[in-house]
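The structure appears right after this line, and notes come after that.
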There are 2 protein chains.
Amino acid sequence: MRFHSPSIQYFHAVRRTGSIRAAARLLNVASSAVSRQILKLEQEVGSPLFERTARGLTLTTVGEMLARHVMNVLQDLDRFRSDVASLSGAWHGTISIACIESLTESVLPDLIASHRSRNRRVSFTTEVMGSSDVLEALRRGEADIGIAIALIHPPDLRQVALKRFRLGALVAREHPLARRKTVTLEQCLAFPIIQALPELSIYHLLQPLIAQRSETPEPAIQANSIDLMRELAARGVGVAFQTQLGIIRLSRDAQLVFLPLDNAGSPVWSDLGIYVRAERTLPAVTDSFLQELVRELGERERRENAAYAQVV
Amino acid sequence: MRFHSPSIQYFHAVRRTGSIRAAARLLNVASSAVSRQILKLEQEVGSPLFERTARGLTLTTVGEMLARHVMNVLQDLDRFRSDVASLSGAWHGTISIACIESLTESVLPDLIASHRSRNRRVSFTTEVMGSSDVLEALRRGEADIGIAIALIHPPDLRQVALKRFRLGALVAREHPLARRKTVTLEQCLAFPIIQALPELSIYHLLQPLIAQRSETPEPAIQANSIDLMRELAARGVGVAFQTQLGIIRLSRDAQLVFLPLDNAGSPVWSDLGIYVRAERTLPAVTDSFLQELVRELGERERRENAAYAQVV
DNA sequence: CAGGTTGCTGCCGTTTCGGCAACAGCTATA
DNA sequence: TATAGCTGTTGCCGAAACGGCAGCAACCTG
């Protein structure tokens, strides 16, 4: 099922690899063939699509426009293929998800396992990365569904849903703060803290609050792994900060205690956005999984916020 | 700039014409070439795309899926072309509008004239039709922007905006009702009425109200032209019913009087929806005109409803 | 300067595409 | 019922497009 011009696919490969010869290797054709297709394309568009450097090729403005079109075409072709296949029953395909680390502990494995138990034909590709990388992966067409901290609203992506979870401190059971119901940032800063590096979204959520204070605390540890921060907190090294979402099971094990954070009397929220490329229609199977994801996150948002409403 | 497989374009032509030979004539190629491309396409998809009858070809289910994909591809190609051309400055293109008759009296000519005075390069194609035909024209890709009475919300179209205007009675200046500020349906039915045929959306707005009454009135005249109904009302033949939107200038000429309709004490609304094909990104130029249209209609909605709020 | 990379271009065999003419199947009309 | 006109399909063949090979100049790297 390859009824689109080779030039389309060649252009796409060249754009991704940034090199004609690399694209040729990827496509298992001669580099001359790729080169000619690109030249023909540029002639038809009437404008150069790449800037040639000694190192390879870079997109021009027109090239980026064409890249957008080509991505729309190829993604919609994917959707068509998937929908046709699911019509004939013998479906097999892949749902590709890019998300931040908070989801890996419970939300995503639960959902995928549940979906797989109902439909073995659908396979999944999940990649964990930072929030801005999630959005970039969607733009590049490397992921179908993206879950990231919602800081700014990107215009080329569609925000399918926005769920807010409380940000809180994570301490070991023996920690002096562990008996409290909620904590303030000031109370936490009296102890060694495990700070997130700027590549984690938590950094950008907490930094404005910390910057308001006159004295900036010296962090005991800086890390870029949610999991590592969690394990460090469990060993009593210090106070970690996390979204409430990622630590459900751990707090059930009572190794760790999650303390919702209060700032000037009001909760600190972490907004989780679910994103999809705007100029795109998802395959029916992917869309139904997306609906499940939104529903599940909505359910957890409701449940967890209700639980802490009781506490407060 | 034709970098898509001929099979794509051939399929599109065959779908539109419903015949291979007609498509061949349209494309200026031999019918055998078209036939072969369709056969090749069916082989690649692995399923027949058309049902062959002696009269021509009809889409199968898979064929309709491919038609959707092909339309997405071609419309997005259009957008790409338009955006590239507008980048280089020398732009010329067409904005295609399908709308109901109510718009032709003032809204659309004003907007198009205003837009043309600012940008001569953009040309327009406007086609007047019934509400359901407007939606169908969008689905078939024959129009970029559609304006229709919003009765049901079609899932494959995106409702860009929804504006509500008052439905009212239209009578000559000498008509006994002409001195009233508002009228009820009962008051109108005491006189000969000019009734819309089912192909006009007004019929579907008024029919439920009329059906509630025990005695169904005998209409003096039935018509399917907004303009004709307006002229008849001006000649004192009877009471016509129209959306307030279409008759601004006429009521200024004081040939006709527009009387907002009240039903059981509350106004009768006519919802005007602006539609675009959902699986599509509009060219920048088309999109900017769409924004103007939405703003203009919003302005009229605000102004007219405010005017009649004073009256009531 | 040498060895690697890059994109580009004749040359040539293979594949694909399109046009012509003929075929079978169907419908409408006389 | 026969005929004329329409439909899509299929050999045949020339033309165009495509892809592979080898060699070119230009550039970066060590």
Side-chain angles (χ1 to χ4, degrees), chain A residues 1-64 66-67 70 73-74 77, chain B residues 1-64 66-67 70 73-74 77:
Chain A
M1 197 185 305
R2 31 172 313 168
F3 38 73
H4 283 293
S5 300
S7 45
I8 297 286
Q9 326 207 13
Y10 287 12
F11 173 83
H12 190 232
V14 171
R15 182 195 65 83
R16 280 192 299 168
T17 59
S19 150
I20 286 190
R21 288 187 123 94
R25 283 193 296 272
L26 194 71
L27 296 163
N28 286 320
V29 291
S31 67
S32 59
V34 178
S35 174
R36 258 191 281 262
Q37 291 292 344
I38 300 298
L39 288 174
K40 198 189 68 161
L41 218 50
E42 290 180 323
Q43 193 181 353
E44 298 217 51
V45 174
S47 163
L49 300 171
F50 293 98
E51 278 172 5
R52 272 75 168 175
T53 70
R55 267 266 176 269
L57 285 78
T58 319
L59 283 172
T60 63
T61 307
V62 180
E64 281 177 6
L66 182 60
V70 167
V73 169
L74 294 181
L77 175 64
Chain B
M1 199 184 305
R2 34 171 311 166
F3 37 73
H4 282 291
S5 300
S7 45
I8 296 284
Q9 327 207 14
Y10 287 13
F11 172 83
H12 190 232
V14 171
R15 181 196 66 81
R16 280 191 299 169
T17 59
S19 150
I20 286 189
R21 287 190 122 95
R25 282 192 297 273
L26 194 70
L27 297 162
N28 286 320
V29 291
S31 67
S32 58
V34 178
S35 174
R36 258 191 280 263
Q37 291 292 344
I38 300 297
L39 289 173
K40 199 191 69 160
L41 218 49
E42 290 180 322
Q43 193 181 354
E44 298 216 53
V45 174
S47 164
L49 300 172
F50 292 99
E51 279 174 4
R52 271 74 169 178
T53 70
R55 271 261 179 271
L57 284 77
T58 320
L59 282 172
T60 63
T61 307
V62 179
E64 282 176 3
L66 182 60
V70 167
V73 169
L74 293 182
L77 175 64

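In what follows, chains are A, B, ... by sequence order, proteins preceding strands, each numbered from 1.
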In whole angstrom, give the distance that lies between atom CG of B/Leu49 and atom P of D/dT9.
11 Å
Contacts satisfying ring pair (Phe, Tyr, Trp, His ring centres under 6.0 Å) that involve residues 5-47 of chain A (not counting sequence neighbours) are A/Phe11-A/Phe50
For A/Leu39, which contact category applies under a 4.0 Å heavy-atom criterion: base, sugar-phosphate, or nothing?
sugar-phosphate
I need the full list of side-chain hydrogen bond (donor to acceptor under 3.5 Å, both in side chains) pairs touching residues 39-52 of chain B, with sequence neighbours left out, sorted by first then second residue.
B/Glu42-B/Arg52
Does the side chain of A/Gln37 get closer than 4.0 angstrom to OP1 or OP2 of D/dG19 through an N or O atom?
yes
Under 3.5 Å, which donor-acceptor pairs do the side chains of residues 23-39 of chain B form with other protein atoms, sequence neighbours left out?
none

With a 3.5 Å cut-off and heavy atoms only, can you find an N or O donor on one side and an acceptor on the other between the side chain of B/Arg36 and the base of D/dG8?
no
Here the distance between atom P of D/dA17 and atom CD of A/Gln43, to the nearest Å, is 11 Å
DNA chain D contacts among residues 19-35 of chain A, heavy-atom distance under 4.0 Å
A/Asn28, A/Val29, A/Ala30, A/Ser32, A/Ala33
What bend angle does the helix from C/dC1-D/dG30 to C/dA30-D/dT1 show across its length, from five-pair end axes and to the nearest 10 degrees?
30°
Along DNA chain C, first and last positions that approach a heavy atom of chain A under 4.0 Å:
C/dT6 to C/dC11
Check whether any side-chain N or O of A/Lys40 sits under 4.0 Å from OP1 or OP2 of D/dA17, and answer yes or no.
no
Send over the distance from B/Tyr10 OH to D/dG8 P, rounded to a whole Å.
15 Å
